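Letters A, B, ... are given to chains in the order of the sequence lines, protein chains preceding strands, and every chain is numbered from 1. Note that the structure is a prediction, hence the values are computed from the model and not measured.
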Number of protein chains: 2
Amino acid sequence: MKTDQKTGKRDSYHHGDLRTQLIEAARVLVEEKGPEQFSVSEACRIAGVSTAAPYKHFKNKEEMLQEVCILGMHRQRAQMVEEVSPHAPGTLDRIVALGRVYVRFAQEEPGVFRLMFGFANENDDDEALKELGHGTFTLVQQEVAWCRGSDEINAQDIQRAFLLWSFVHGLSFLRIDGKLSKVDLSIDIESTLTEIARRVLTDEVPAD
Amino acid sequence: MKTDQKTGKRDSYHHGDLRTQLIEAARVLVEEKGPEQFSVSEACRIAGVSTAAPYKHFKNKEEMLQEVCILGMHRQRAQMVEEVSPHAPGTLDRIVALGRVYVRFAQEEPGVFRLMFGFANENDDDEALKELGHGTFTLVQQEVAWCRGSDEINAQDIQRAFLLWSFVHGLSFLRIDGKLSKVDLSIDIESTLTEIARRVLTDEVPAD
DNA sequence: TACATAAGTTAGAAACTCTTACTTTGACAA
DNA sequence: TTGTCAAAGTAAGAGTTTCTAACTTATGTA
């Protein structure tokens, strides 16, 4: 079952773990060359199988990338849950933590991040993907409600959560697109996130 | 020189206006099928030339798409200048107008909008593109400074302009990616933009 | 042990990008 | 008016790529 890392040659006809390894190869390639440049052929070369092999495991290229997406969203979600946990519920710190994870994930895995968006639209959105995305957004809404001192999410909470999402989403893209370097001065992400959370979630914003 | 729209046949060997028509065909295709699905071959079919013809005018596919980008940025810029003009300098209305153009452009030309970003990064950013993008951002910075009652752009203005940019950028993407439909309630763009401009540019934000 | 099936392979069709070598044509100088 | 050159087409094809079809090998279970 083992695959020789150097030659890609296997010691048995069957690979044993091809599906998983193809997804991992795809993830690495998407990160290295960007989602657009990714090719199934190259993933096959890495995994050491013929170019027809993936089609026993995935309907097509899109479905392969979709799996990369889904794993990415799970990682993002896990990081959010992890990073929020040290902070007391109902504090702005938790909101800031969520934003920090979002921006950091985009920074650390720009290829997968790009794939996660700008991909959903192309495909008629797989149900699993939709569910995942919605779940994460609900998480944010809940935090906003807690900040307001309530367990119930109301319309205004959703609006505000959406404002926060828009902001970190844009910030993430502008960063990985290198637009931040155009802004001559360095922007401190942490204080920017805090500033935004304050301005969006507080009704009275104190003068700077 | 004329090209028969139906058959794509020309009445002369030379096309006469191929470069321009290829760019226009590319724009349409990018809009119809998305930037990823665009193919030079298809643009050739529309223009009624052989698949080798474009290479007399463009280095490669990328360069062709880059022209689509540049024209898009010019359109966006023109709309901004247009939409800002009726409002008195130094008013929030002008900031809101800029945001409205940004979001509307993304809505009306999602293909080109997507191309404009997520493309710049791939290519080592053509100088013309860089210059264009920077120019538009400077426009926003100037408006922010005026809101503050000064002609000079200071560090804080740049920061705030960047916050505004991040926001409308994220909002635009989330909209065209259909994430807004996840938010069960409808978000009114105009009032959202006003709300954001107020929260980002005002030092005292009145209670809702 | 037999054998159905899962999971590989080879071969190849269809599409795409881009190059090379050739052809047509318009423009301009003599 | 005519000769020539460069610009802008074409045809042909090399090299990739995605995906399918038909075939082969291994595995797990009756």
If I take atom CZ in residue B/F58 and atom P in nucleotide C/dT19, what distance separates them, rounded to the nearest angstrom? 15 Å

Of the listed nucleotides D/dG9, C/dT9, C/dA7, the one nearest the side chain of B/L18: D/dG9

Atom pair distance, as rounded to whole Å: CG in B/L22 and P in C/dT17: 12 Å

Does A/E143 use its side chain to pair, donor to acceptor, with the backbone of A/G90 at less than 3.5 Å? no

When you measure from the side chain of A/D177 to the backbone of A/K179, do you find a donor-acceptor pair of N or O atoms at a distance under 3.5 Å? no

Ring centres under 6.0 angstrom apart (A/F167, A/Y102): no

Could you encode protein contacts along nucleotides 15-20 of chain D as a string, one character per nucleotide from 5' to 3', using B for base contact, S for sugar-phosphate-only contact and - for no contact, with a heavy-atom cut-off of under 4.0 Å? --SSBB

Atom CG of B/L29 and atom P of C/dT17 are separated, to the nearest Å, by 11 Å

How about B/F173 and A/F173: are their ring centroids closer than 6.0 Å? yes

Among residues at least two apart in sequence or on other chains, which ones pass side chain to side chain donor-acceptor pair (under 3.5 Å) with A/T192? none

Looking at D/dG9, I'd like to know if its phosphate oxygens (OP1 or OP2) sit under 4.0 Å from a side-chain N or O belonging to B/H57. yes

Taken to the nearest whole Å, CG/A/D17 to C1'/C/dG8 is 15 Å

Distance in angstrom units between B/Q37 CD and C/dA15 P, rounded: 15 Å

Whether B/R148 side chain and B/E152 backbone form a donor-acceptor pair below 3.5 Å: yes

Using whole Å, report how far NZ of B/K56 lies from P of C/dT23. 13 Å

